[in-house]
Amino acid sequence: PYDALERVYRAQNPLDAIGMGYRRTVRFIVLTYITLKQLISGLVSPKNLMGPVGIIALSYQVVAQQPPVYYAYFLGLISATIAVINFLPVPPFDGGLVVLMLVEKIKGSALSERAQGILAYAGWVLVLALLVYVTFNDIIRTFFS
């Protein structure tokens, strides 16, 4: 998504601009799912992931070196990625809640509080471990490379 723009995109009217924004957002979402699939299959290294420190560093570079439209583009990419992450079927995220609701619908009753607690705890451990790993890689990449 950060390739140099070789073509100028200009909307003819506000509705055309909304359509262009919609198509770009869908592209961001699809690219995020493709990246997650490649991450799971090993085609993309987890070292390429970026967390809060990396996002701040890249945001600073975009603002300092590019026109403001690139920052809006970057914010759209971040927003679409966060939406995809939020829908992952991991209990701390909304996608995890959807999975629990589907299990409740199929089973006919909710999981026990103990089972829900174990799933939530495991999800939080997974998310926090990933956050620590990604932040560590961001710090190494930002300050030592």
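Val62 and Ile78 fall within a single hydrophobic cluster, where Ile, Leu, Val, Met, Phe, Trp and Tyr are joined by side-chain heavy atoms under 4.5 Å apart, directly or via other members. Under a hydrophobic clustering in which Ile, Leu, Val, Met, Phe, Trp and Tyr are joined whenever their side-chain heavy atoms come within less than 4.5 Å, directly or via other members, Leu31 and Tyr22 fall into different clusters. Linking ILVMFWY residues whenever their side-chain heavy atoms come closer than 4.5 Å, directly or via other members, leaves Ile34 and Leu43 in distinct clusters. In the hydrophobic cluster analysis, where Ile, Leu, Val, Met, Phe, Trp and Tyr join through side-chain heavy atoms closer than 4.5 angstrom, Ile139 is grouped apart from Ile56.
In terms of heavy atoms, Asp138 sits closest to Gly51 at OD2-N, 2.6 Å. Nearest heavy atom pair, residue Ala80 against residue Ile29, reads CB-CG1, 3.9 Å. The heavy-atom pair separating Val98 from Phe87 by the smallest distance is CG2-CE1, 4.0 Å. The two residues Gly123 and Pro92 make their nearest non-hydrogen contact at C-CG, 3.6 Å.
Looking only at side-chain heavy atoms (C-beta outward), Phe93 and Val90 come within less than 4.5 Å of each other. Under the 4.5 Å side-chain criterion, counting only non-hydrogen atoms from C-beta, Leu36 is in contact with Leu88. Taking the side chain as every heavy atom from C-beta outward, Leu119 and Val99 never approach each other to under 4.5 Å. Under the 4.5 Å side-chain criterion, counting only non-hydrogen atoms from C-beta, Leu111 is not in contact with Glu104. Between Leu39 and Asn48, every side-chain heavy-atom pair lies at or beyond the 4.5 Å cut-off. In this structure, Phe74 and Ile55 have side chains that are in contact, with non-hydrogen atoms separated by less than 4.5 Å. For the pair Leu126 and Leu130, the minimum side-chain heavy-atom distance is 4.5 Å or more.
A distance of 11.5 Å separates OG1 in Thr25 from CE in Met20, rounded to the nearest 0.5 Å. Rounding to the nearest 0.5 Å places CD1 of Ile18 at 11.5 Å from CZ of Arg23. Atom CG of Leu100 is separated from atom NZ of Lys107 by 11.0 Å, given to the nearest 0.5 angstrom. The distance from atom OH of Tyr60 to atom CD of Gln65, rounded to the nearest 0.5 Å, is 8.5 Å. Between atom CG of residue Leu49 and atom OG1 of residue Thr135 there is a gap of 11.0 Å, rounded to the nearest 0.5 Å.
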>> Please evaluate residues Met50 and Val134 with respect to the criterion side chain to side chain contact (heavy atoms under 4.5 Å, CB included), reporting the C-alpha separation (whole Å), side-chain torsions for both, the decisive distance (0.1 Å), and the verdict.
In response: CA-CA 6 Å; Met50 194 175 288; Val134 169; 5.5 Å; no
>> Would Tyr133 and Lys47 count as a side chain to side chain contact (heavy atoms under 4.5 Å, CB included) here? Give the steps.
In response: CA-CA 9 Å; Tyr133 175 78; Lys47 291 189 181 282; 3.6 Å; yes
>> Would Tyr73 and Leu77 count as a side chain to side chain contact (heavy atoms under 4.5 Å, CB included) here? Give the steps.
In response: CA-CA 6 Å; Tyr73 187 81; Leu77 174 65; 5.7 Å; no
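No donor-acceptor pair under 3.5 Å is formed between the side chain of Asn86 and the backbone N or O of Ile82. Panel note: side chain Ser41, backbone Gln38; a donor-acceptor pair is recorded below 3.5 Å.
A ring-centre distance under 6.0 Å is not found for Phe28 and Tyr33.
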